[in-house]
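This report refers to the structure that appears directly beneath it.
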Amino acid sequence: MTKLMLLPVIIAIGILFFAPLGRTEGLELSGFARAVAGKIDTEKATYEGYDNSISFSEKSLIALQADYNFSSSFSVSSQFLLHTDDDRESGVEWLYLTYAPSESFQINAGRLRTPFLKYSDVIDVGFAYPWINAPQQLYSSYLFSQYEGGNARLRRTFGDVVVDIEAYYGKYEDELVSSGINVDVEVDNLFGGVIEVNYGGLQLRAATVNAPKVETTIDEIAPLVQGLRSAGFDNIAEQFDINDRAGSFLLGASYDALNWYVSSEWMKVSSDIDVLANLDSFYVSYGYYLDEVLLHLTYASSRQSLNTIENTIPLGASPELDQLYFAVEQLNSFFPTDDLDTWTIGARWDVKTNIALKAELSILDGKEGKSSFYDIKENSFDRNAALYQVAVEWVF
């Protein structure tokens, strides 16, 4: 079954489960789904998989979650996700045990979501946030979306102030796809933490994720690295070794006045790996409720500084060295530079307590000479486009 053929399956299963699945003898079943259609207005590039024809196969998905309580303190949770995106695998999204001796403290162990951005835990649950696409400058760029390990969560209340603290540790292993090239990534000692403070409608948040050593395997560039070493250019070869520290830091703030809200997140990604960029990105979003309809406006921006490898291979000395020279130049252009400003205007209509309809227009203003989150088909593309999307979101 192709990814596109999964869409009617997602819709059919979702319709069957519009009503909550409920709970039976310690087992609680629930789920969520989304059907998303979108396109961009250019033939010269694609953005997040979208081209200039209407597509349902980039963001549509369905998931089923099962929670089983062994006792008042012990439980197990699992989530199976079926996704239509070609760059993402369907399967078990998380599976973990929970020990919660009190309402204010719990420990989780297993396969977990990395709790970094505000909506990291629920990024697949489109019903949980206002947009169709959460700001890509942050939500498609943050490091290590899930991990295998454990975390501890503690909640403390000081009058009207609620403080949540979380610390986590584990390992990350995944196969990423960038510009059609597979990149195997492994981190053995992933760790980080979150502090969140809530006071009335005000929320402040700080989070971090750290990987002291990121190990990657890119089969496509292995022959080039070997050729550089054989030709005596070890200094260039070493700079293409993606095997060092990477980390990210986040600050967030939001205020919800019930009939309106404003929210923002700022993220900085830094790395000691030569060919990876340092990234600064943020968004600011405002929303206003008209009964069951939410109108929202978001500005998002990212700036990425890339450490370009200095190509010291002499041109014209021999055909073999010329071949190495141009291979290094091509590899230099492979690593993305995602400078992008985006204005998004959207509407969300909660037609039922568990169903929402959404529509969005995003104006994408990239930078000349940068990748700007696009997969570019023609060099004449000016990095400016409009993304149109509609969606139905539901939970059951």
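What you see below is based on every heavy atom in this structure, not just the backbone, and it leaves out hydrogens, waters and symmetry mates. For the single chain, residues carry numbers from 1 onward in sequence order.
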Take atom [atom1] of [X] as the centre, draw a 6.0 Å sphere, and report whether it contains more than 12 heavy atoms from other residues, nucleotides or ligands.
X	atom1	answer
E368	CD	yes
I54	CD1	no
D160	CG	no
I345	CD1	no
R205	CZ	yes
F105	CZ	yes

query: Do the ring centers of Y261 and Y286 come within less than 6.0 Å of each other?
result: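 Ring-ring flag for Y261/Y286: false, centres at least 6.0 Å apart.
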
Got a salt bridge between [X] and [Y], using NZ or NE/NH1/NH2 to carboxylate O under 4.0 Å?
X	Y	result
E215	K213	yes
R303	D280	no
D124	K59	no
K39	D41	no
D164	R155	yes
R153	E166	yes
K358	E393	yes

query: Checking R348 against Y289: charged group under 6.0 Å from the ring centre and within 45 degrees of the axis?
result: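 Relative to the ring axis of Y289, which defines the angle, R348 lies outside at least one limit.
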
task: For E378, enumerate each residue passing the side-chain contact (heavy atoms from CB on, under 4.5 Å) test, keeping only those at least two apart in sequence or located in another chain.
output: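 Testing E378 for side-chain contact (heavy atoms from CB on, under 4.5 Å), a comparison that skips the adjacent residues, returns K44, S380.
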
message: Rounded to the nearest 0.5 Å, what separates atom OG in S145 from atom CD in E93?
response: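 Here the interatomic distance stands at 7.0 Å.
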
message: For the CD atom of Q146 and the CG atom of D121, what is their distance to the nearest 0.5 Å?
response: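 Answer rounded to 0.5 Å: 11.5 Å.
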
With Y283 via ring pair (Phe, Tyr, Trp, His ring centres under 6.0 Å) - residues at least two apart: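 So Y283 forms a ring pair (Phe, Tyr, Trp, His ring centres under 6.0 Å) with W131.
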
query: With F233, which residues qualify under ring pair (Phe, Tyr, Trp, His ring centres under 6.0 Å), at least two apart?
result: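 By the ring pair (Phe, Tyr, Trp, His ring centres under 6.0 Å) rule, F233 matches no residue at all.
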
- request: Could you tell me whether the side chain of F373 reaches within less than 4.5 Å of the side chain of Y47, counting heavy atoms only?
  value: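 With C-beta onward as the side chain, the pair touches.
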
- prompt: Do the non-hydrogen side-chain atoms of W349 and E292 ever get within less than 4.5 Å of each other?
  reply: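 The answer is yes; the side chains approach within 4.5 Å.
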
query: Do you know which of Y169, Y172, F191, Y168 makes ring-ring contact (aromatic ring centres under 6.0 Å, His included) with Y147?
result: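 Answer to the ring-ring contact (aromatic ring centres under 6.0 Å, His included) test with Y147 among Y169, Y172, F191, Y168: Y168.
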
- prompt: Which word best sums up how the rings of F381 and Y374 line up, parallel for under 30°, tilted for 30 to 60°, or perpendicular for over 60°?
  reply: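 Perpendicular, since the angle between the ring planes exceeds 60°.
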
message: Side chains of S254 and K118 only: does a donor on one sit below 3.5 Å from an acceptor on the other?
response: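 Judged by distance alone, the side chains do pair up.
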
